[in-house]
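So the structure is just underneath, and the comments pick up after that.
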Amino acid sequence: MSHTLFLQTPANFDFKRTVLSHGWCELLPFEFDQEQWTLSTVIRGEKPISVKVRAAEKSLQIELPEQLSPQDQTALLSAVSHIFRFDDDLQEFYDLTRDEPHLAWLGEQNAGRLLRSATVFEDLVKTICTTNCNWALTRIMVTNLVEKLGEAAPGGKKAFPSPQAMAAVPVEFYKAEIRAGYRAAYFRELAERIAGGELQVEDWLTTDLPTPELKKELKKIKGVGDYAAENLLKLLGRYDGLALDSWLRGQFYKKYNDANPCDDKRIRTHYERYGKWRGLVIWCEMTEKWL
DNA sequence: GCGTCCAGGTCTACC
DNA sequence: GGTAGACCTGGACGC
């Protein structure tokens with residue numbers, strides 16, 4: 001029997017801006033329904049559970065297929081808070097951008113919370129899936145990972161696979177079944193290191209390491225270069241890096257350089273004045289029209 | 001139908 | 001530290 005929970009949202013929270021903050025809502029286990037304005041996903045706790053989330057009065061309304069134990073309910077609400085970035089205090093970001101006419105909308109619309117996955121591991125794998133390919137292939141790889149390695153929740157929808165599940169299949173599986181190409185060995189190695197306890201990527205959420213040091217740690221992972229590391233850092237709440245990729249560069253060229261290419265140094269100089277918030281400023285600026 | 005290019009880059013070898 | 005070339009794949013495009 002279905003069950004509904006409500007989770008109070010922070011004061012400066014916007015459901016739609018968060019859901020459409022970047023492409024993650026299009027990648028399984030997320031499923032976005034633009035007509036109903038709901039975001040579904042599968043949370044992998046003690047056992048996978050599918051949830052459907054929509055905006056309600058000063059809260060999120062969360063539909064579940066069944067009532068949970070108090071312990072499981074607490075864990076689920078914590079996961080939803082994590083996904084929707086309730087912990088991210090953006091007041092300083094809004095104060096910084098309020099007086100700039102082209103950025104004042106950020107605070108007015110409560111923009112800037114970047115949707116993230118239930119775990120750092122999932123965000124890490126998905127980020128590697130965005131490198132050196134088009135968005136269609138990213139979606140194919142993530143869909144295959146979820147459909148072929150994810151554990152099913154009651155109702156049949158699947159969660160993102162655990163490191164253990166990903167460590168249990170050979171490199172050839174990633175090539176033939178996931179269509180991961182040269183990334184196959186990266187995924188297998190990453191999953192093995194995490195499943196074996198050598199690498200604790202979830203600790204990156206709370207580490208005291210300065211951002212440059214943390215970025216070095218991220219780049220030790222095969223398949224993670226400057227773009228991927230800086231993109232992940234954004235999902236960890238650190239916005240110092242621009243995470244420049246071909247799409248973001250192209251948007252900058254159109255907006256500020258008559259659609260002509262320029263070097264990255266010029267882009268970095270343009271955003272330098274936003275300090276530790278520059279990565280969030282460029283992303284929000286280039287995706288303003290997504291909503 | 002076929003070949004080429006490129007996309008939400010990174011790695012390695014070499015200088 | 002900087003750079004050229006290789007790397008999987010699938011979709012768009014030109015012919």
Side-chain angles (χ1 to χ4, degrees), chain A residues 19-28 30 32 112 114-117 122-148 166 169-191 193 199 201 212 214-236 238-257 259-268 271 278-291:
Chain A
V19 170
L20 288 183
S21 54
H22 60 137
W24 258 211
C25 67
E26 296 180 12
L27 300 179
L28 289 179
F30 286 127
F32 171 51
L114 304 180
L115 188 75
R116 65 183 166 196
S117 306
E122 184 175 331
D123 279 336
L124 175 54
V125 173
K126 284 177 174 173
T127 297
I128 294 173
C129 287
T130 67
T131 58
N132 194 27
C133 64
N134 58 23
W135 185 245
L137 182 55
T138 298
R139 294 185 71 170
I140 288 169
M141 286 188 278
V142 174
T143 297
N144 286 335
L145 283 169
V146 172
E147 294 296 342
K148 299 184 179 188
M166 285 185 63
V169 292
V171 171
E172 278 310 313
F173 181 89
Y174 289 98
K175 290 183 178 173
E177 300 292 328
I178 307 299
R179 312 304 294 166
Y182 68 89
R183 303 169 196 81
Y186 301 166
F187 290 146
R188 164 73 193 208
E189 181 185 324
L190 174 65
R193 290 179 65 197
L199 184 65
V201 296
L214 183 54
K215 185 178 173 184
K216 282 182 190 169
E217 289 299 307
L218 269 55
K219 287 183 69 175
K220 286 179 184 172
I221 292 169
K222 287 277 184 65
V224 176
D226 276 325
Y227 151 76
E230 291 178 0
N231 187 61
L232 265 168
L233 284 167
K234 288 183 183 180
L235 299 178
L236 296 170
R238 304 183 189 224
Y239 306 103
D240 317 43
L242 299 182
L244 292 175
D245 55 24
S246 57
W247 184 84
L248 203 52
R249 288 186 182 95
Q251 296 302 309
F252 182 88
Y253 303 155
K254 283 184 207 167
K255 195 173 181 72
Y256 290 112
N257 209 39
N260 297 312
C262 60
D263 59 20
D264 290 353
K265 190 179 174 187
R266 162 130 194 248
I267 304 177
R268 292 201 183 87
Y271 289 97
R278 54 186 174 249
L280 196 53
V281 171
I282 185 173
W283 184 256
C284 290
E285 196 178 6
M286 299 309 167
T287 58
E288 179 185 358
K289 305 300 182 192
W290 280 14
L291 189 61

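Protein chains get the first letters and strands the later ones, always in sequence-line order, with residue 1 at the start of each. Worth saying up front: this structure is predicted, and the values here are computed from it rather than measured.
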If I take atom CG in residue A:Asp245 and atom P in nucleotide B:dC6, what distance separates them, rounded to the nearest angstrom? 17 Å
At less than 4.0 Å, is any side-chain N or O atom of A:Arg179 found next to OP1 or OP2 of C:dG10? Yes or no. yes
Gap between atoms CG and C1', on A:Asn134 and C:dC8 respectively (whole Å): 12 Å
Could you tell me if the side chain of A:Met166 sits less than 4.5 Å from the side chain of A:Val125, heavy atoms only? yes
Between B:dA7 (P) and A:Ile128 (CD1): distance, integer Å: 21 Å
A:Asn132 CG to B:dC6 C1': how many Å, rounded? 9 Å
Is there a stack between A:Trp135 and B:dA7, judged by ring centres under 5.5 Å and planes under 30°? no
When rounded to whole Å, the CG to P distance for the pair A:Leu137 and C:dC7 reads 17 Å
Could you run through nucleotides 10-15 of chain B and give me one letter per nucleotide, 5' to 3': B if any protein heavy atom sits under 4.0 Å from the base, S if only the sugar-phosphate is that close, - if neither? SSS---
When you compare the side chain of A:Leu27 with that of A:Trp135, does any pair of heavy atoms fall below 4.5 Å? yes
Taking side chain as C-beta onward, heavy atoms only, is A:Ile267 less than 4.5 Å from A:Leu248? no
Any A:Thr138 side-chain nitrogen or oxygen under 4.0 Å from OP1 or OP2 of B:dA7: no
Atom-to-atom span, CD1 of A:Ile282 to C1' of B:dG8 - whole angstrom: 12 Å
Map A:Arg183 and A:Ala136 onto DNA chain C by nearest heavy atom, then report which one ends up closer to the 5' terminus. A:Arg183
